J.: 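I have a structure I would like to understand better, so I am pasting it below and will then ask my questions one at a time.
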Amino acid sequence: MRIPLSWLREYVRVDADAQEIVGALSISTAEVNGVQRVGVPGELGLFRVGHVLEAEKHPDADRLQLTSVDVGEDRPYSIVCGAWNFGAGAKVAVALPGATLPNGLTLERRKLRGKVSEGMILAEDELDLGSDHSGIIVLDDGLDAGTPLADVLPLVEEVLDLDPTGNRPDLFAVYGVAREVAALLGGELLPLPGEEPKRDGDEPVGIGIDDPAGCLRFIGRLLRDVSIGESPPWLKARLRHSGVRAISNVVDVTNYVMLTLGSPLHAYDHDLLRGGLVARRAREGEQVRTLDGVERTLSAEDLVIADGERAVGLAGIMGGEETEVSSSTANVLLEAANFEPVGILRSSERHALRTEGSNRWEKGVDPHVAGPAATYATQLIVELTGARWTGAEDVQGELPKPAVIRLRPERVGEVLGLEVPENEQAEILGRIGFEQLKKGFRVPTWRARDVTREIDVIEEVARFKLPEIPFTLPRREEMFGRLTREQRLRRQVEDVLVGAGYAEAYTSTFVAEGDLRLPEPLSAEAAALRAVLYASLLEPARRNADSGAEDVALFEVARVYRDVGHQLPQERWHVAGIADGGFAEAKWAVEQIYSALGLESSYERTSEPFLHPGKAARTAEGWLGELHPALLDGAWGAFELDLDALAEAAPEVVGFEEVSPYPEVRQDLAFVVDEEVPAADILASIREAAGELLRELEVFDEYRGEQTGEGKRSLAFRLAFGSLEGTLRDEDVAPVRASIVDALASRFGAVLRA
Amino acid sequence: MDTVARVDPDDLEKEALAAAAEARSLAALSEVRIRALGRNSALKLALRNVRDRETGTKLNAVRETVEAALTAREEELARAELEERLATERVDVTLPAALVGPPKLRPRGTLHPSTLVRRDVEDIFLGLGYEIVDGREVETTRYNFDALGFPDWHPARSTRASLFVDDDTMLRTETSPAQIHKMEERRPPIYMVSIGRVYRRDTIDATHFPIFHQFEGLAIDEGITLADLKGTLRHVMRQLYGEERELRFRTHYFPFTEPSMEPDVSCFNCGGAGCHICKHSGWIEMGGSGMVDPYLYEFVGWGAEEYSGFAFGMGIERTAQLRYGISGLRPFWENDLRFLRQFR
Ligand SMILES: [Zn+2]
């Protein structure tokens with residue numbers, strides 16, 4: 001909502017500059033995006049009312065006029081001008097040499113086709129008062145030459161850009177904002193603008209409401225003998241500064257009154273209507289061509305304004321093209337109505353058509369303001385077009401009664417943490433139109449939709465007291481303050497991977513294919529929720545490698561989603577990683593994770609279509625391996641683990657064993673075994689055969705060569721034995737060693753290397 | 001010449017397709033290719049001697065069919081040969097990484113800037129005695145909208161604004177549903193922060209992405225006031241942006257709080273004098289907040305005035321942007337190592 005401040009000040013007398021107004025509004029009323037100074041940027045004194053003394057064609061240029069203009073100086077100024085819509089005697093807007101125009105151009109004395117021009121006679125676009133450049137501005141004849149132009153036209157304007165929230169339809173009106181400014185800054189709010197002009201006749205208008213749920217009120221007014229033309233400069237300037245295009249005097253008035261009071265209006269060419277107007281639901285399939293030239297097919301849920309034969313507009317959203325006011329219009333039917341918000345919103349969505357009107361209706365406009373809007377618009381149309389007001393009808397059902405809400409004074413302090421005396425509460429509420437009655441406060445009609453409960457009334461007091469509310473902390477009797485096990489584990493896994501050289505990635509939840517598809521996908525690539533994480537890392541890995549990054553290693557911790565036949569999918573936390581270099585990279589990362597969580601891991605050969613068939617392993621909580629080269633060029637290690645499963649498996653408490661004071665006996669053993677026997681199986685057998693004296697066991701070497709023979713390899717193990725009882729002697733360890741050798745020989749045909 | 005002219009295109013095709021199917025290796029297939037399509041193949045000779053348009057069209061069609069069959073077979077064989085080669089590259093997956101690799105010695109990695117902020121936020125609230133709740137991401141409209149007092153007409157309910165899985169199921173648009181679940185789970189005192197991914201239907205550009213991360217706090221207890229909200233948020237903002245920060249409230253509207261306010265923090269860059277970061281206002285917008293609407297208490301079956309509480313919500317990415325001076329949202333999702341590796 002763009003609000004020219006000069007306009008605002010027509011309705012509120014307040015001793016505050018733009019910054020003070022912005023400050024107060026933004027704290028207590030609505031966000032202010034800024035104040036923009038528009039119009040003439042510099043010295044205003046060089047803009048004058050000029051009296052054209054002489055005007056004739058430029059001797060050397062057919063399209064130029066040579067004029068002599070009285071600008072209030074001791075001699076007339078000669079000005080060359082390109083417009084022809086005026087002649088000697090006209091009062092015009094003049095900028096003298098040295099003046100800077102809104103577009104930044106500074107005027108100089110200069111020659112045009114050999115004739116000196118001392119300044120410029122201005123068109124409205126040159127003053128940023130409108131978009132028209134077809135002719136210069138012709139001012140009121142009664143003005144004196146030399147009068148400061150700023151007294152006549154809004155050469156400079158400060159425009160407030162206010163962004164009210166959807167619950168405050170009253171702020172989509174200059175007068176509504178003025179009401180807030182008056183309340184916030186202690187100004188005086190002037191009465192609503194508009195005075196009924198004299199009625200010149202009592203013709204029937206023929207207004208009806210067929211759908212009282214959709215249309216609460218319908219005022220129709222008949223205005224005859226309008227002369228359609230341009231609006232005066234002040235009106236065009238106001239509209240322009242508010243971001244609304246000027247069209248013609250009648251249409252401009254409807255927009256101006258909407259901007260002033262917040263209740264949209266519409267004007268019809270009365271001679272093009274066939275009979276009176278009624279607000280009714282559309283017939284299924286009924287058609288109307290709206291002002292934007294679009295032929296719209298309506299449904300029975302759309303509210304329309306119809307004459308005796310057809311729909312002539314989509315109610316509250318946009319009028320119809322066939323009955324629009326045009327330059328040949330002589331008689332106007334003015335509509336000021338009130339429409340129910342949700343229906344307008346739905347229609348506006350259905351037809352993908354948002355207008356200044358629908359934007360207001362969908363927030364809920366006060367039905368009581370339709371009357372003043374009709375009055376003000378009638379007055380302006382009569383004044384600006386010379387029309388006669390010849391007929392009026394106001395059809396309304398039962399308008400909602402203003403609610404009276406009880407406010408317990410102590411509740412304000414309980415909610416705010418700041419005591420606000422009862423009389424101050426009443427005083428604040430009074431300023432914004434809440435009348436204090438015996439039973440409580442009567443909500444003003446323009447806030448009826450938003451303020452329905454005591455807490456809503458408290459908010460009204462609160463917004464005036466925000467800066468005064470102190471800073472305190474809740475008084476606590478119970479504390480939480482600890483991460484859950486799952487959250488701690490997640491952090492641990494992240495830290496392990498960072499330590500292993502991985503950078504954390506964040507990738508999209510959405511993928512092209514998955515078992516949870518979105519009925520209305522974001523795009524073909526974002527059409528379903530992902531069931532695995534690793535696939536999302538392929539693209540970033542490839543891109544980083546392509547851009548020359550070294551040691552590319554990425555991981556992500558996020559959720560995956562599976563349809564398990566309930567309304568809500570199963571969501572589980574996963575971790576996935578990808579690293580250049582191949583199988584060992586994935587293995588290292590996964591080993592680190594298990595080890596950090598104090599979890600034993602076991603690896604089994606597996607096969608997955610996306611993994612290298614010879615380099616793929618499964619653990620109880622996920623998989624790891626080398627990516628299949630068809631998936632991504634080069635050798636890449638990848639893994640994905642279910643973090644929730646890891647959390648379930650990980651021991652909650654560290655189980656420690658007592659440390660022996662006696663030295664351990666260390667032994668290295670190497671066996672030649674078939675290639676196919678996994679090291680893990682041998683480790684398990686050694687552990688089983690070694691019994692309770694075994695303290696440590698690891699495989700530390702793998703060797704293939706002439707000595708091992710075809711299809712075989714040598715694996716070397718490091719063992720440590722110990723006891724709490726005493727130092728172990730060779731005799732204690734020898735039988736254990738023998739039983740290990742026997743066990744491996746019989747189970748795997750393993751041969752101990754000398 | 002006569003013999004060439006009498007060649008039957010259909011036979012040529014049949015013969016070439018059979019030969020391609022029979023080839024057992026890429027080497028064999030390349031021989032088939034030479035025989036079928038080479039300079040001296042019957043097909044090429046026939047093509048060279050074409051006299052009428054009809055025969056030419058037919059022969060060209062044969063050439064294309066054969067070409068396609070050869071290419072398809074080539075891919076098939078290449079894949080098979082790759083698989084065969086891969087099958088011979090076996091490692092003992094049970095061996096430690098040190099023995100199958102060894103793995104690379106890599107420089108230390110990094111956490112994503114959003115995770116750095118997330119952890120910081122978590123730690124600040126843990127220090128205030130709040131629990132951290134993840135909550136689910138796919139929610140029912142009941143918890144995402146109804147419970148939070150979104151009116152029927154609220155634009156967020158539309159498929160243009162939110163992402164739906166079906167009519168009643170959607171991706172959460174804020175982390176607040178987790179708070180309703182907590183309220184249903186137990187009675188106050190509740191002091192919690194829910195953190196995680198939230199979703200809006202946004203077209204991807206420099207400043208929009210359909211996914212972002214929020215942290216939302218909820219405190220419900222006996223006698224909690226708006227002043228407590230103000231004090232809590234000032235503490236959190238000072239922790240995040242420096243001890244000198246000031247906090248102010250601006251009135252606002254949210255469906256699930258009443259009164260509702262947006263908190264602003266005095267600009268850490270200019271100290272309030274005005275700069276590009278604070279859009280020359282001296283204040284930086286931080287998110288939304290307010291006193292829990294009594295509607296929520298009634299929704300979970302408590303009395304409207306048994307407890308009182310406050311709630312607030314802010315963006316993780318926005319916090320990271322402010323802290324690190326990141327502009328736009330793209331860097332958060334591009335996963336460019338040159339970006340990520342700066343967050344040590
Ligand atoms: Zn600043």
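In the text below, chain A, chain B and the rest are named by the order of the sequence lines, each starting its count at 1. Remember, predicted model here, so these are calculated numbers, not experimental data.
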J.: Do the charged groups of B:Glu222 and A:Arg475 touch, with an N to O distance under 4.0 Å?
T.: no

J.: Going by heavy atoms in the side chains, are B:Pro107 and A:Asp551 under 4.5 Å from each other?
T.: yes

J.: Any side-chain donor-acceptor pair under 3.5 Å between A:Tyr502 and B:Thr110?
T.: no

J.: So, does B:Glu89 use its side chain to make a donor-acceptor pair with the main chain of A:Gly614 at under 3.5 Å?
T.: no

J.: Where on A:Ala500 is there a heavy atom nearer than 4.5 Å to chain B: the side chain, the backbone, both, or neither?
T.: backbone

J.: Need one label for A:Pro629: side chain, backbone, both or neither, based on atoms under 4.5 Å from any heavy atom in chain B.
T.: side chain

J.: Provide the closest heavy-atom pair for A:Asp701 versus B:Leu99 in the form atom of the first, atom of the second, distance.
T.: N-CD1, 3.7 Å

J.: Please state whether the side chain, the backbone, both or neither of A:Glu454 comes within less than 4.5 Å of a heavy atom of chain B.
T.: side chain

J.: Quick one: closest heavy-atom pair of A:Pro467 and B:Lys230, and the distance?
T.: O-NZ, 3.5 Å

J.: Is chain A contacted by the side chain of B:Thr88, its backbone, both, or neither, given a heavy-atom distance below 4.5 Å?
T.: neither

J.: Got A:Leu483 and B:Glu122 here, is their nearest side-chain heavy-atom distance under 4.5 Å?
T.: yes

J.: Could you look at A:Arg605 and say if it's the side chain, the backbone, both or neither that has a heavy atom under 4.5 Å from chain B?
T.: both

J.: For the interface with chain A, which of B:Met291, B:Arg136, B:Arg250 has the highest count of heavy-atom pairs at distances below 4.5 Å?
T.: B:Arg136

J.: Please classify the contact of A:Asp681 with chain B as side chain, backbone, both or neither, using a heavy-atom distance under 4.5 Å.
T.: neither

J.: Run the numbers on A:Ser508 and B:Ile211 for side-chain contact (heavy atoms from CB on, under 4.5 Å), then give the verdict.
T.: CA-CA 7 Å; A:Ser508 171; B:Ile211 313 171; 3.7 Å; yes

J.: Counting N and O atoms only, with roles assigned by atom type, does the side chain of B:Asp293 sit under 3.5 Å from a partner on the main chain of A:Ile455, one being a donor and the other an acceptor?
T.: no

J.: Non-hydrogen atoms of chain B under 4.5 Å away: do they reach the side chain of A:Glu626, the backbone, both or neither?
T.: neither

J.: Pick from A:Ala617, A:Pro613, A:Ala526: which one has the most heavy-atom pairs with chain B under 4.5 Å?
T.: A:Pro613

J.: Donor-acceptor pair, distance only, cut-off 3.5 Å: does the side chain of A:Gln487 make one with the backbone of B:Ile132?
T.: yes

J.: Taking side chain as everything from C-beta outward and backbone as N, CA, C, O, which of these in A:Leu624 sits under 4.5 Å from a heavy atom of chain B? Side chain, backbone, both or neither.
T.: neither

J.: Between B:Arg119 and A:Glu494, is the closest basic N to carboxylate O distance under 4.0 Å?
T.: yes

J.: Counting only heavy atoms closer than 4.5 Å, note whether B:Leu233 contacts chain A via side chain, backbone, both or neither.
T.: neither

J.: For B:Phe310, is it the side chain, the backbone, both, or neither that has a heavy atom closer than 4.5 Å to a heavy atom of chain A?
T.: side chain

J.: Less than 4.5 Å to any heavy atom of chain B: does that hold for the side chain of A:Leu715, its backbone, both, or neither?
T.: side chain

J.: Is B:Ser260 in contact with chain A via its backbone, its side chain, both, or neither, using a 4.5 Å heavy-atom distance?
T.: both

J.: Dump the intermediate steps for salt bridge (charged side-chain N to carboxylate O under 4.0 Å, His left out) on B:Arg90 and A:Glu675, then the final yes or no.
T.: CA-CA 10 Å; B:Arg90 276 165 72 95; A:Glu675 279 284 2; over 6 Å; no

J.: Would you call A:Lys615 and B:Asp92 a salt bridge, using N to O less than 4.0 angstrom?
T.: no

J.: So which atom in B:Thr251 and which in A:Ala30 form the shortest heavy-atom distance, rounded to 0.1 Å?
T.: CG2-N, 4.3 Å

J.: Would you say that A:Phe510 contacts B:Leu163 through its side chain, given a criterion of any heavy-atom pair below 4.5 Å between the two side chains?
T.: yes

J.: For A:Ser601, is it the side chain, the backbone, both, or neither that has a heavy atom closer than 4.5 Å to a heavy atom of chain B?
T.: neither

J.: Give me the atom names and distance for the closest heavy-atom approach of B:Pro103 to A:Ala584.
T.: CB-O, 3.9 Å

J.: At a heavy-atom separation under 4.5 Å, does B:Leu337 approach chain A through its side chain, its backbone, both, or neither?
T.: both

J.: Can A:Arg476 be said to sit on top of B:Tyr191's aromatic six-ring, NZ or CZ under 6.0 Å from centre and within 45° of the ring axis?
T.: yes

J.: So, are A:Asp495 and B:Arg108 salt-bridged, with charged N and O less than 4.0 Å apart?
T.: no

J.: Given heavy-atom pairs under 4.5 angstrom as the criterion, report whether the side chain, backbone, both or neither of A:Val590 touches chain B.
T.: neither

J.: Evaluate ring-ring contact (aromatic ring centres under 6.0 Å, His included) for B:His213 paired with A:Tyr506, printing each intermediate quantity in order.
T.: CA-CA 11 Å; B:His213 295 76; A:Tyr506 274 42; 5.2 Å; yes

J.: Give the minimum heavy-atom separation between A:Arg346 and B:Asp152, together with the two atoms involved.
T.: NH2-O, 3.6 Å

J.: What part of A:Ala505 is in contact with chain B, defined as an atom under 4.5 angstrom from a non-hydrogen atom: side chain, backbone, both or neither?
T.: both

J.: Tell me, side chain or backbone of A:Glu520 under 4.5 Å from chain B's heavy atoms, or both, or neither?
T.: both

J.: Backbone N or O of B:Met261 within a donor-acceptor pair of the A:Arg463 side chain at under 3.5 Å?
T.: no

J.: Which residues satisfy the side-chain contact (heavy atoms from CB on, under 4.5 Å) test with A:Glu414, sequence neighbours excluded?
T.: A:Glu410, A:Arg411

J.: Apply side-chain hydrogen bond (donor to acceptor under 3.5 Å, both in side chains) to A:Asp563 and list each qualifying residue two or more places apart in sequence or on a separate chain.
T.: none

J.: Flag the one option from B:Lys279, B:Arg341, B:Arg248, B:Arg197 with the top tally of heavy-atom pairs under 4.5 Å to chain A.
T.: B:Arg197

J.: Is B:Arg344 close to chain A through its backbone or its side chain, or both, or neither, when contacts mean heavy atoms under 4.5 Å?
T.: neither

J.: List the steps, then state whether side-chain contact (heavy atoms from CB on, under 4.5 Å) holds for B:Leu95 with A:Tyr603.
T.: CA-CA 9 Å; B:Leu95 277 180; A:Tyr603 302 90; over 6 Å; no

J.: Sort out for me which of B:Gly101, B:Pro210, B:Ala87, B:Ser114 touches chain A most, counting heavy-atom pairs under 4.5 Å.
T.: B:Ser114

J.: Check the pair B:Lys104, A:Glu550 against salt bridge (charged side-chain N to carboxylate O under 4.0 Å, His left out), reporting the backbone distance first and the verdict last.
T.: CA-CA 11 Å; B:Lys104 286 188 179 184; A:Glu550 285 179 25; over 6 Å; no

J.: What is the distance from atom CG of A:Leu518 to atom CG of B:Leu171, rounded to the nearest 0.5 Å?
T.: 6.5 Å

J.: Does the side chain of B:Glu83 come under 3.5 Å of the side chain of A:His628 through a donor N or O and an acceptor N or O?
T.: yes

J.: What part of A:Leu418 gets within 4.5 angstrom of chain B, counting heavy atoms only: side chain, backbone, both, or neither?
T.: neither

J.: Side chain, backbone, both or neither: which part of B:Phe339 has a heavy atom under 4.5 Å from chain A?
T.: neither

J.: Counting only heavy atoms closer than 4.5 Å, note whether A:Ala586 contacts chain B via side chain, backbone, both or neither.
T.: neither

J.: Begin from the C-alpha positions of A:Asp580 and B:Arg106 and carry the test salt bridge (charged side-chain N to carboxylate O under 4.0 Å, His left out) through to its verdict.
T.: CA-CA 11 Å; A:Asp580 58 3; B:Arg106 297 171 187 273; 3.0 Å; yes

J.: Using heavy-atom distances under 4.5 Å, tell me whether B:Val133 contacts chain A through its side chain, its backbone, both, or neither.
T.: backbone

J.: When you measure from the side chain of A:Gln567 to the backbone of B:Thr140, do you find a donor-acceptor pair of N or O atoms at a distance under 3.5 Å?
T.: no

